[in-house]
A.B. asks: 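Please see the structure below; I have some questions.
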Number of protein chains: 2
Amino acid sequence: MAETGTKAPRERYRAQVRAEIKERAWEQIATAGASALSLNAIARSMGMSGPALYRYFAGRDELITELIRDAYRSLADAFHAAATGSDPAGPDPLGPDAPGPDVARPDVDALARALRRWALDDPHRYFLIYGTPVPGYHAPDDITAIASEIMATLLDACAASPSDRPATPFDAHLDEHRQWAGGHPAPPAALRRAMAFWTRLHGVLSLELAGHFTGMGFDPALLFEAELDDLRVT
Amino acid sequence: MAETGTKAPRERYRAQVRAEIKERAWEQIATAGASALSLNAIARSMGMSGPALYRYFAGRDELITELIRDAYRSLADAFHAAATGSDPAGPDPLGPDAPGPDVARPDVDALARALRRWALDDPHRYFLIYGTPVPGYHAPDDITAIASEIMATLLDACAASPSDRPATPFDAHLDEHRQWAGGHPAPPAALRRAMAFWTRLHGVLSLELAGHFTGMGFDPALLFEAELDDLRVT
DNA sequence: TGCGTCCGTTAGAAGTTATAACTCTGTGCG
DNA sequence: CGCACAGAGTTATAACTTCTAACGGACGCA
């Protein structure tokens, strides 16, 4: 990490320009969405013209892949920070106000709120990961590795709080096909809860971020918390 | 409906060409995704060249809006068919095999399975409605009207099966801000359950359709049914 | 039969990604 | 210290895209 400062100047400059390109790309995505990302517009906004960007990225696809990788990395970091309590935004800012019906699960709750904060912080970044898939695209291995890291953090948290819910047939199915857990020693109930965490919170968040709740009147934050409460008994 | 046959030949031809354009558009979306939809390619595949399509659609946006409208209409019809039992695919094909822990709720279950069938039938159509939103786009009123129709069908089903779950503060919040229900007389518990139906099943379906479960080993259909089971106690 | 509307055409402007070829500058090595 | 080479940025070009404009022809209605 610290060695990047001692690199050759040529390479240093290259890394700096790459970083600026990605930064402009994020800005552009934030205003016009990922599908409208234009290499030409990025080059223009940087004062250089057109094909110069091809020195730094093989093409639009490689740039977007890099952005997706950064998005996954950012989520993994946010999860890790929330799990270890080193959350820069403070430990659950809206957490203690509304204690759940039962015992507190600091890990899972902190993860959920970190996820929501992370998603609201940049909706386009969220949709880059969880939005409409690009038909031909397959994520490279290092990106799926980050996804596994995220899942491992979630499984840690779910395994930390035991469940008193009776096992269902689906719990057994999930336990029989647990290769997706990547060797994580979580019990079946934790597998089930991690999956429910993922699917339910994604359900709420993706609808909220896509604007399907706008004009409906209720508060999406309360819906999120209600789903989080229901996860407590799952 | 039957009057379209008696229309003027000019208008009849126009409607026919519009329909064929939309058909080709769906084919193209199915293979390359909505973002890659090209008017030029559609025209080429129809044997006519380029700008001829502008006689029928003001532009790409209008065509896509039309496709979104058709997608909503199709989902509303599928829901309505499932709710009234006139389901062309037969009443819940995988339903009776695994009876839930409690009383059967034919309406809600049928709706859920109709939703999954509809989604798997054409994933791109699903993402046209529930996928990454286009930044500048706002759906016209008649489309939001179809969305309300879908929600009304769901609320009907949820109101039909009473809940023995104690009311939560969020149920009250949903009841206080119930303008999204469009005057539907559903009780608070039904509002809550409809919302959970929507968000949870969307969570599972969208992750499944986007391919986030591929290679994980478990069966997404069982996850869907497990979430449907959990809705029974919500 | 004739007139007018509407359809499909070609031409062209402005944008995109991406490649090829050229210039020039800065780096590192002898 | 100077020189040669690698690499950055340039322009030109090709092949796309959406979309506008102007033209010709055919079809339907009176």
Side-chain angles (χ1 to χ4, degrees), chain A residues 3-29 31-68 128 134-137, chain B residues 3-29 31-68 128 134-137:
Chain A
E3 304 226 48
T4 55
T6 72
K7 275 296 180 78
R10 220 69 180 262
E11 207 150 342
R12 219 181 130 63
Y13 176 73
R14 183 176 178 79
Q16 190 175 335
V17 174
R18 267 181 77 99
E20 180 169 356
I21 291 174
K22 291 203 282 183
E23 201 169 321
R24 307 279 180 148
W26 279 118
E27 291 170 10
Q28 200 172 319
I29 282 181
T31 67
S35 62
L37 196 158
S38 156
L39 292 188
N40 249 317
I42 292 174
R44 225 181 300 124
S45 88
M46 289 178 63
M48 48 195 217
S49 247
L53 293 203
Y54 287 82
R55 296 279 172 199
Y56 300 94
F57 293 95
R60 218 184 90 111
D61 282 9
E62 188 181 301
L63 175 56
I64 289 189
T65 296
E66 187 82 10
L67 297 179
I68 291 175
L128 217 49
V134 181
Y137 182 78
Chain B
E3 303 226 48
T4 56
T6 71
K7 275 295 181 77
R10 221 66 181 265
E11 208 151 339
R12 215 180 133 63
Y13 177 73
R14 183 175 178 80
Q16 191 174 336
V17 175
R18 267 180 77 99
E20 180 170 357
I21 292 174
K22 291 203 281 184
E23 201 169 322
R24 307 281 179 145
W26 279 118
E27 290 170 10
Q28 200 172 320
I29 282 181
T31 67
S35 61
L37 196 158
S38 157
L39 292 187
N40 250 316
I42 292 174
R44 224 180 301 126
S45 89
M46 288 178 65
M48 47 193 216
S49 248
L53 293 203
Y54 287 81
R55 297 279 173 202
Y56 300 93
F57 293 95
R60 217 184 91 111
D61 281 9
E62 189 180 301
L63 175 56
I64 289 188
T65 295
E66 187 83 9
L67 297 178
I68 292 175
L128 216 50
V134 181
Y137 183 79

A.B. asks: For the backbone of Arg14(A) and the side chain of Arg55(A), can you confirm whether one donor and one acceptor N or O come within less than 3.5 Å of each other?
C.D. replies: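 No; judged by distance alone, with no hydrogens or angles, the pair does not exist.
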A.B. asks: Is there a side-chain contact between Ile42(B) and Leu37(B), using heavy atoms and a 4.5 Å cut-off?
C.D. replies: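 Yes, their side chains come closer than 4.5 Å.
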A.B. asks: OP1, OP2 of dC16(D) versus side-chain N and O of Asn40(B): anything below 4.0 Å?
C.D. replies: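 So the side chain of Asn40(B) is outside the cut-off, no N or O lying under 4.0 Å from OP1 or OP2 of dC16(D).
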A.B. asks: Can you measure Asp61(A) atom CG to dT16(C) atom C1' for me and round it to whole angstrom units?
C.D. replies: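 Asp61(A) atom CG is separated from dT16(C) atom C1' by 14 Å.
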A.B. asks: Rounded to the Å, how far apart are Met46(B) CE and dC7(C) P?
C.D. replies: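 Nearest whole value for this atom pair: 13 Å.
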A.B. asks: Using a heavy-atom distance cut-off of less than 4.0 Å, which residues of residues 31-39 of chain B contact DNA chain D?
C.D. replies: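 Correct list: Leu37(B), Ser38(B), Leu39(B).
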A.B. asks: Partners of Arg18(B) by salt bridge (Lys or Arg N to Asp or Glu O under 4.0 Å), sequence neighbours excluded?
C.D. replies: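 Salt bridge (Lys or Arg N to Asp or Glu O under 4.0 Å) check on Arg18(B) returns Glu66(B).
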A.B. asks: Output the rounded distance in Å from CZ (Arg60(A)) to C1' (dC16(D)).
C.D. replies: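 Atom CZ in Arg60(A) sits about 14 Å away from atom C1' in dC16(D).
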A.B. asks: Hey, could you give me the CZ/CG distance between Phe57(A) and Leu67(A), rounded to the nearest 0.5 Å?
C.D. replies: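 Rounded to the nearest 0.5 Å, the CZ-CG separation comes out at 7.5 Å.
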A.B. asks: With a 4.5 Å heavy-atom cut-off, do Tyr137(A) and Ile64(A) have their side chains touching?
C.D. replies: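 The answer is no, as the side chains (C-beta and beyond) never meet within the 4.5 Å cut-off.
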A.B. asks: To the nearest 0.5 Å, tell me how far Leu53(B) CG sits from Arg44(B) CZ.
C.D. replies: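 Rounded to the nearest 0.5 Å, the CG-CZ separation comes to 11.0 Å.
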A.B. asks: Show the nearest heavy-atom pair for residues Glu62(B) and Tyr56(B), with the distance to one decimal.
C.D. replies: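 In terms of heavy atoms, the two residues are closest at OE2-O, 4.2 Å.
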A.B. asks: Stepwise, does the side-chain contact (heavy atoms from CB on, under 4.5 Å) test hold for Leu39(B) with Tyr54(B)?
C.D. replies: CA-CA 9 Å; Leu39(B) 292 187; Tyr54(B) 287 81; 3.5 Å; yes
A.B. asks: Measure the distance from CZ on Arg12(B) to P on dC29(D) and round it to the nearest whole Å.
C.D. replies: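 One finds 13 Å between P of dC29(D) and CZ of Arg12(B), rounded.
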A.B. asks: Take the protein atom OH of Tyr54(B) and the nucleotide atom C1' of dC6(C), then report the distance between them rounded to whole Å.
C.D. replies: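 Roughly 19 Å, once rounded to whole Å.
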A.B. asks: For nucleotides 6-14 of chain D, tabulate all protein N/O to nucleotide N/O atom pairs closer than 3.5 Å, reporting atom names and distance.
C.D. replies:
unit_1, atom_1, unit_2, atom_2, d
dA8(D), OP1, Arg14(A), NH1, 3.2
dG9(D), OP1, Tyr13(A), OH, 2.7
dG9(D), OP2, Tyr56(A), OH, 2.7
dG9(D), N7, Arg55(A), NE, 3.1
dG9(D), O6, Arg55(A), NH2, 2.3
dT10(D), OP2, Ser49(A), N, 3.0

